[in-house]
Amino acid sequence: MNRESSICPRVEDLVLRPERETDVPFLQELYASTRADELAQVDWPEEQKSDFLLQQFQAQREHYLKAYSDDEFSIIEFNGKPVGRLYLGRWPSEVRVIDIALLPSFRGMGLGGGLMGNILSEARDAGKPVRIHVEKFNPALHLYERLGFQVLEDKGVYLLMEWSADAVS
């Protein structure tokens with residue numbers, strides 16, 4: 001059950017809206033939540049962890065805004081509150097999931113799978129594959145494998161994965 005709501009949300013309850021500059025504090029919180037398990041293993045003072053997370057968030061954000069300036073940066077909302085982000089590129093030869101993340105209290109409910117299912121349906125209709133980079137130790141890797149993503153390339157820390165309607169039909 002979601003801590004922010006008395007009901008369990010469904011993917012149909014989620015709304016995507018364009019990201020705004022005023023979302024940056026939420027995005028910092030979301031980013032930190034995606035690194036929490038990793039940083040729990042590090043014996044640093046909390047201030048050092050916070051400084052590290054801020055620096056890493058800013059570097060990632062700067063990279064995304066520069067490298068993917070023409071792509072779609074969305075905030076995922078539930079009941080009018082931000083609960084995640086979805087960065088999506090609709091390129092001529094593929095649909096690229098640049099980034100997808102949900103707050104911890106919204107993980108493990110099938111919402112990420114539902115959002116990915118919507119993306120896969122769109123890609124199937126467009127006759128395009130879906131590609132995503134995922135860290136090898138990201139728990140969502142299992143979701144992508146269940147959805148039919150295959151490893152295209154091992155890039156060290158990351159895997160480049162692809163879903164194709166032809167491969168799962």
Side-chain angles (χ1 to χ4, degrees), residues 1-5 7-16 19 26-42 53 56-57 59-61 63-64 67-68 70-78 82-169:
M1 183 76 102
N2 175 339
R3 285 177 259 158
E4 297 188 26
S5 167
I7 63 168
C8 188
R10 301 165 301 147
V11 73
E12 297 84 15
D13 299 325
L14 301 178
V15 173
L16 296 178
E19 182 181 293
F26 164 74
L27 292 167
Q28 286 176 300
E29 173 192 349
L30 179 64
Y31 178 81
S33 78
T34 68
R35 304 286 304 265
D37 290 344
E38 176 186 356
L39 285 181
Q41 308 300 315
V42 180
L53 287 169
Q56 291 291 296
F57 168 77
Q60 182 190 66
R61 183 163 173 76
H63 168 72
Y64 282 169
Y68 304 108
D70 293 331
D71 295 307
E72 183 179 302
F73 289 63
S74 297
I75 296 296
I76 304 164
E77 289 187 334
F78 175 67
V83 299
R85 71 180 182 186
L86 174 61
Y87 296 170
L88 196 61
R90 291 178 176 90
W91 303 345
S93 62
E94 71 181 82
V95 175
R96 176 64 63 103
V97 179
I98 300 162
D99 198 299
I100 183 170
L102 292 166
L103 289 173
S105 60
F106 286 83
R107 296 177 196 155
M109 298 181 188
L111 300 173
L115 289 166
M116 290 299 296
N118 291 343
I119 294 166
L120 300 182
S121 292
E122 174 187 327
R124 178 182 292 116
D125 292 346
K128 296 179 183 180
V130 177
R131 295 191 181 119
I132 187 170
H133 281 99
V134 61
E135 290 179 325
K136 290 179 179 179
F137 301 107
N138 185 332
L141 177 60
H142 302 295
L143 167 64
Y144 304 135
E145 291 170 339
R146 282 195 314 271
L147 291 171
F149 280 81
Q150 302 291 318
V151 174
L152 275 184
E153 188 178 348
D154 185 330
K155 295 183 168 253
V157 175
Y158 293 93
L159 299 173
L160 175 60
M161 301 186 79
E162 179 181 83
W163 175 92
S164 170
D166 298 335
V168 295
S169 296

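In what follows, residues are counted from 1 in the order of the sequence shown.
- Counting heavy atoms from C-beta outward, Tyr144 and Val130 have side chains that stay 4.5 Å or more apart.
- In this structure Leu16 satisfies the side-chain contact (heavy atoms from CB on, under 4.5 Å) test together with Ser74, Ile76, Leu86, sequence neighbours excluded.
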Can you give me every donor-acceptor pair (side chain of residues 92-101, partner residue at least two apart or in another chain, under 3.5 Å) with its distance?
residue, atom, partner, partner atom, Å
Glu94, OE1, Arg131, NH1, 2.6
Glu94, OE2, Arg96, NE, 2.7
Glu94, OE2, Arg96, NH2, 3.0
Asp99, OD1, Arg85, NE, 3.2
Asp99, OD2, Tyr64, OH, 2.8
Asp99, OD2, Arg85, NH2, 2.9

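- With sequence neighbours left out, the salt bridge (charged side-chain N to carboxylate O under 4.0 Å, His left out) criterion links Glu77 to Arg17.
- Here the straight-line distance linking atom CG of Leu141 with atom CZ of Arg146 works out to 10.0 Å at 0.5 Å rounding.
- Between Pro82 and Phe26, the shortest heavy-atom contact is O-CE1, 3.4 Å.
- In this pair, Tyr68 and His63 present their aromatic rings perpendicular. The plane angle is above 60°, beyond the 30 to 60° band.
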Side chains of residues 151-159: which donor-acceptor pairs under 3.5 Å do they make with residues two or more places apart or in other chains?
residue, atom, partner, partner atom, Å
Asp154, OD1, Lys136, NZ, 3.0
Asp154, OD1, Gly156, N, 2.9
Asp154, OD2, Lys136, NZ, 2.9

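- Within the structure, ring pair (Phe, Tyr, Trp, His ring centres under 6.0 Å) contacts touching residues 112-142 (residues at least two apart or in different chains) do not occur.
- Arg124 CZ to Asp166 CG: the interatomic distance, rounded to the nearest 0.5 Å, is 10.0 Å.
- Annotation: side-chain hydrogen bond (donor to acceptor under 3.5 Å, both in side chains) contacts of Asp37 (sequence neighbours excluded): none.
- Between the OG1 atom in Thr34 and the CD atom in Gln60 there is a gap of 7.0 Å [rounded to 0.5 Å].
- With a 4.5 Å cut-off on side-chain heavy atoms, Ile119 and Met116 count as touching.
- In this view, Gln41 satisfies the side-chain hydrogen bond (donor to acceptor under 3.5 Å, both in side chains) rule with no residue, not counting sequence neighbours.
- In this structure Arg61 satisfies the salt bridge (charged side-chain N to carboxylate O under 4.0 Å, His left out) test together with Glu19, Glu21, sequence neighbours excluded.
- Contact record, Ala123 with Trp163: CB-CZ3, 4.2 Å, taken as the closest heavy-atom pair.
- Rounding to the nearest 0.5 Å places CD1 of Ile75 at 12.5 Å from CG of Leu14.
- Residues passing the salt bridge (charged side-chain N to carboxylate O under 4.0 Å, His left out) test with Glu122 are Arg90, sequence neighbours excluded.
- For residues 110-119, no pair satisfies salt bridge (charged side-chain N to carboxylate O under 4.0 Å, His left out), with sequence neighbours left out.
- Of all heavy-atom pairs spanning Trp91 and Asp71, the tightest one is NE1-OD1, 2.9 Å.
- The distance from atom CG of Leu103 to atom CG of Leu111, rounded to the nearest 0.5 Å, is 11.0 Å.
- Ser33 pairs by the side-chain hydrogen bond (donor to acceptor under 3.5 Å, both in side chains) definition with Arg107, not counting sequence neighbours.
- Residues satisfying the side-chain contact (heavy atoms from CB on, under 4.5 Å) test with Arg10, not counting sequence neighbours, are Glu12, Asp13.
- For the atom pair CZ (Phe149) and CG (Leu120), the distance works out to 5.0 Å, reported to the nearest 0.5 Å.
- Side-chain contact between Leu102 and Phe78: absent, with no pair of heavy atoms (C-beta onward) separated by less than 4.5 Å.
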